[in-house]
Amino acid sequence: MFSIAVFVSGRGSNLQAVLESPKLKNLVQVKAVFSDKLHCPAFDIAERYSVSTYSIGEKEGFITFNDAKDLLVTLNIDLIVLAGFLKLIPADFVKSFRNKIINIHPALLPSFGGSGMYGINVHKAVYNSSAKVSGASIHIVDETYDTGKIIAQHCVDISDVNSPEEIAAKVLKVEHEILPDTIEKIASGKLYFDDSRIRFKS
Ligand code: GRF
């Protein structure tokens, strides 16, 4: 089985989409869920599926990123998936898992990303720009927010929407499809680096 760890901060709907995906059922095991919070709704989802949860950070009672590194190695984790994790991943942690951390972002990068661009803030910025398309992006995590190479994207038509919340709902639906799809392709060894681009074998 291909082993993954999922990092979350809140609701956990993407975690749930991964846990419930039929295409990941016999291919991928979620071995651990990490959050920068002591408790969050995503932990309840993890517990329902008997997945171990850990609070990560420098606070008392949390495990440090350094300890988490050792744990992830012990667990033989093949891929770390950030699904709504709000903290910046420390540079030395990124270095230890270079090209093995991916993030899902609720807009079409490289637009509408970066510090402060999370949750409804993203969709408000998209709405106020009057953009006619938005979507979801999955990218490699590097040392800064939302700048790593893009692995997968899916567009949604937002020409008729009347609120940022409407954009959020449309994009979330697509997120729940492309995250399991992308993990499935990575777990099947289909992702490869071709010069400066990331491609998938067919
Ligand atoms: C998603 O929109 C994801 O793209 C972003 O944070 C949100 C997390 O939602 N990074 P959920 O916790 O998976 O429901």
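Along the sequence shown, the residues carry numbers beginning at 1.
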Student: With Phe7 as reference, evaluate Val81, Ile56, Leu86 under the side-chain contact (heavy atoms from CB on, under 4.5 Å) test and give the passing residue.
Tutor: Ile56
Student: Using the test salt bridge (Lys or Arg N to Asp or Glu O under 4.0 Å), find all partners of Lys132 that sit at least two apart in sequence or belong to another chain.
Tutor: none
Student: Do Leu19 and Leu24 come within less than 4.5 Å of each other through their side chains, counting heavy atoms only?
Tutor: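 No, side chains not in contact.
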Student: Working to the nearest 0.5 angstrom, can you tell me the gap between Leu75 CG and Ser52 OG?
Tutor: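 Here the interatomic distance stands at 7.5 Å.
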Student: Going through the checks in order, is the side-chain contact (heavy atoms from CB on, under 4.5 Å) test met by Val51 and Leu15?
Tutor: CA-CA 11 Å; Val51 179; Leu15 168 68; over 6 Å; no
Student: Check the pair Lys173 / Val156 against side-chain contact (heavy atoms from CB on, under 4.5 Å), numbers first and verdict last.
Tutor: CA-CA 10 Å; Lys173 212 167 155 223; Val156 292; over 6 Å; no
Student: Report yes or no: do Thr64 and Asn66 form a side-chain donor-acceptor pair below 3.5 Å?
Tutor: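 Judged by distance alone, the side chains do not pair up.
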Student: Tell me, yes or no, whether the heavy-atom count around Lys31 atom NZ, taken from other residues, nucleotides or ligands under 6.0 Å, exceeds 12.
Tutor: yes
Student: Answer yes if Ile140 and Val94 sit in the same cluster of Ile, Leu, Val, Met, Phe, Trp and Tyr residues linked by side chain heavy atoms under 4.5 Å apart, and no otherwise.
Tutor: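 No; tracing contacts between hydrophobic side chains, which count when under 4.5 Å, never links both residues.
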Student: Going by atom types only, do Gln16 and Tyr49 share a side-chain donor-acceptor pair under 3.5 Å?
Tutor: no
Student: Could Asp181 and Lys23 be called an ion pair, given the rule that one side-chain N must be under 4.0 Å from one carboxylate O?
Tutor: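 Salt bridge: yes.
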Student: State, without any angle test, whether Gln153 and Ser137 hold a side-chain donor-acceptor pair at a distance under 3.5 Å.
Tutor: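 Indeed, the side chains of Gln153 and Ser137 share at least one donor-acceptor pair under 3.5 Å.
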Student: Take Lys25 and Glu184 through the salt bridge (Lys or Arg N to Asp or Glu O under 4.0 Å) test and state the conclusion after the steps.
Tutor: CA-CA 10 Å; Lys25 202 166 186 282; Glu184 191 256 334; over 6 Å; no
Student: Find the distance between CD1 (Ile158) and OG (Ser129) and round it off to the nearest 0.5 Å.
Tutor: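 Ile158 atom CD1 to Ser129 atom OG measures 6.5 Å (nearest 0.5 Å).
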Student: Could you state the interatomic distance from CD1 (Ile120) to CD1 (Ile167), rounded to the nearest 0.5 Å?
Tutor: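 Spacing of CD1 (Ile120) from CD1 (Ile167) equals 8.0 Å.
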Student: So how far is it from Glu177 CD to Ser21 OG, rounded to the nearest 0.5 Å?
Tutor: 11.0 Å
Student: Decide yes or no for Ile80 and Phe93: does some side-chain heavy atom of the first lie under 4.5 Å from some side-chain heavy atom of the second?
Tutor: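 The answer is yes; the side chains approach within 4.5 Å.
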Student: For residues Lys37 and Ser9, report the shortest heavy-atom separation together with the two atoms involved.
Tutor: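 Minimum heavy-atom separation between Lys37 and Ser9: CG-O, 3.5 Å.
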Student: Hey, are the side chains of Val33 and Ile45 touching, using non-hydrogen atoms and a 4.5 Å cut-off?
Tutor: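 With C-beta onward as the side chain, the pair stays apart.
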Student: Does any part of the side chain of Phe85, heavy atoms only, come nearer than 4.5 Å to the side chain of Val8, both counted from C-beta?
Tutor: no
Student: For a 4.5 angstrom cut-off between non-hydrogen side-chain atoms, does Lys170 reach Val174?
Tutor: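 Result no, sub-4.5 Å side-chain heavy-atom pair not found.
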Student: Could you go through Thr53 and Ser35, starting from their C-alpha distance and side-chain angles, then the distance that decides it, and tell me whether this counts as side-chain contact (heavy atoms from CB on, under 4.5 Å)?
Tutor: CA-CA 8 Å; Thr53 58; Ser35 175; over 6 Å; no
Student: If we only count heavy atoms from C-beta on, is the Ile77 to Lys100 side-chain gap below 4.5 Å?
Tutor: no
Student: Rounded to the nearest 0.5 Å, how far does CD1 of Ile151 lie from CD1 of Ile138?
Tutor: 7.0 Å
Student: Looking at every heavy atom in both Leu109 and His139, which two are closest together, and how far apart are they?
Tutor: CD1-CD2, 3.4 Å
Student: Is the count of non-hydrogen atoms from other residues, nucleotides or ligands lying under 6.0 Å from Arg197 atom CZ greater than 12?
Tutor: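 Atom CZ in Arg197 is not packed in, count stays at 12 or less.
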Student: Between Phe193 and Phe97, is there a shared hydrophobic cluster once you connect ILVMFWY residues whose side-chain heavy atoms come closer than 4.5 Å?
Tutor: no
Student: Mind checking whether Val133 and Val171 sit in one hydrophobic cluster, side chains of I, L, V, M, F, W, Y counted as touching below 4.5 Å?
Tutor: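 Result: no, two separate clusters.
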Student: What pairs with Ser134 under side-chain hydrogen bond (donor to acceptor under 3.5 Å, both in side chains), at least two apart in sequence or on another chain?
Tutor: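 For Ser134 there are no side-chain hydrogen bond (donor to acceptor under 3.5 Å, both in side chains) partners, ignoring immediate neighbours.
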Student: Hey, what else clusters with Phe62 if you join Ile, Leu, Val, Met, Phe, Trp, Tyr whenever side-chain heavy atoms sit under 4.5 Å?
Tutor: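 Listed partners: Leu38.
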Student: Quick check: does any side chain N or O of His105 sit under 3.5 Å from a backbone N or O of Phe112, one acting as donor and the other as acceptor?
Tutor: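 At least one qualifying donor-acceptor pair exists.
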Student: Ignoring hydrogens and angles, tell me if any N or O in the side chain of Tyr145 forms a donor-acceptor pair with the backbone of Leu88 under 3.5 Å.
Tutor: yes
Student: Can you name the nearest heavy-atom pair linking Ala83 to Val6, along with the distance?
Tutor: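 Answer, listing the atom of Ala83 first, then Val6: CB-CG1, 4.1 Å.
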Student: Answer yes if Leu72 and Val30 sit in the same cluster of Ile, Leu, Val, Met, Phe, Trp and Tyr residues linked by side chain heavy atoms under 4.5 Å apart, and no otherwise.
Tutor: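 No: no chain of side-chain contacts under 4.5 Å links Leu72 to Val30.
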Student: Given side chains that start at C-beta, do those of Met1 and Val28 come closer than 4.5 Å, heavy atoms only?
Tutor: no
Student: Would a 4.5 Å heavy-atom cut-off, applied to side chains only, mark Phe2 and Ile186 as touching?
Tutor: yes
Student: Just by modelled atom types, is the Leu191 backbone N or O under 3.5 Å from a matching donor or acceptor in the Lys185 side chain?
Tutor: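 No, the answer is negative, given that no donor and acceptor are paired below the 3.5 Å cut-off.
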Student: For a quick test of reading the model, state the closest non-hydrogen atom pair linking Ala152 to Ile178 and the distance between them.
Tutor: O-CD1, 4.3 Å
Student: Using the six-membered ring wherever Trp is involved, compare the ring planes of Tyr54 and Phe34 and label them parallel, tilted or perpendicular (cut-offs 30° and 60°).
Tutor: parallel
Student: Between CG of Leu79 and CG of Asn99, what distance do you get to the nearest 0.5 Å?
Tutor: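 Going from CG on Leu79 over to CG on Asn99, the span is 10.5 Å.
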Student: Name the residue from Thr144, Asp142, Asn103, Leu82 that meets the side-chain contact (heavy atoms from CB on, under 4.5 Å) definition with Ile89.
Tutor: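 Exactly one candidate clears the test, Leu82.
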Student: Show the nearest heavy-atom pair for residues Gly114 and Asp146, with the distance to one decimal.
Tutor: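 Taking every non-hydrogen atom into account, N-OD2, 2.8 Å.
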Student: If hydrophobic clusters are built by linking Ile, Leu, Val, Met, Phe, Trp and Tyr wherever their side-chain heavy atoms come under 4.5 Å apart, do Ile102 and Ile150 end up in the same one?
Tutor: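 In one cluster with Ile102: Ile150, no.
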Student: side-chain contact (heavy atoms from CB on, under 4.5 Å) between Ser196 and Lys149: does it pass, once the steps are laid out?
Tutor: CA-CA 9 Å; Ser196 57; Lys149 287 201 183 285; 4.1 Å; yes
Student: Kindly give the heavy-atom pair with the smallest separation between Leu108 and His154, and that separation in Å.
Tutor: CD2-O, 3.8 Å
